[in-house]
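Numbers here are sequence positions counted from 1. Heavy atoms only: backbone and side chains are in, while hydrogens, waters and symmetry mates are out.
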Amino acid sequence: GKTNYVLLIIGILVIFAGFLLMIGGGSKDPNVFNPEIFSFRRITLAPIVVLAGFIIEVFAILYKPKN
C-alpha cells in the first residue's frame, strides 16, 4: 500500500544520507596522508546510518497494514 511506498522512500533517503556522510577526507596530493579519512563521522556514524536505512527497507517490504 501507500504506507509501504512511503517507508521505502524514507529508507532510500536514509541510505543516501549515510553515503553522503562518507564523502570526503581525501587528499589532493597522493604523497600526503590526511588523517581526516578516519573521522568518527566516516568510520562509525555513516555505516550505522546506512544500516538503519537497510533495516527500514526490510521493514517496509515486510510491513502489512492492519486493514
Would you give the length of the straight line joining atom CG of L21 to atom CD1 of I48, rounded to the nearest 0.5 angstrom? 11.0 Å

Would a hydrophobic clustering, with Ile, Leu, Val, Met, Phe, Trp and Tyr connected at side-chain separations under 4.5 Å, put I61 with I12? no

Under the criterion side-chain contact (heavy atoms from CB on, under 4.5 Å), which of L8, N4, I10, I9 is the partner of V6? I10

Spatial distance of atom CG (L7) from atom NZ (K2) [nearest 0.5 Å]: 12.0 Å

Should we count OH of Y5 as having more than 12 external heavy atoms under 6.0 Å? no

Can you measure from CZ (F54) to CD1 (I15) and round to the nearest 0.5 angstrom? 4.0 Å

Among I56, L62, I55, which residue satisfies the side-chain contact (heavy atoms from CB on, under 4.5 Å) criterion with V58? L62

Kindly compute the distance separating CE (M22) from CD1 (I43), expressed to the nearest 0.5 Å. 9.0 Å

Looking only at heavy atoms, which two atoms of G18 and A46 are closest? And how far apart? O-CB, 3.4 Å

Are E36 and R42 side-chain neighbours, meaning at least one heavy-atom pair lies under 4.5 Å? yes

Single-linkage hydrophobic cluster F16~I23, side-chain heavy atoms < 4.5 angstrom: yes

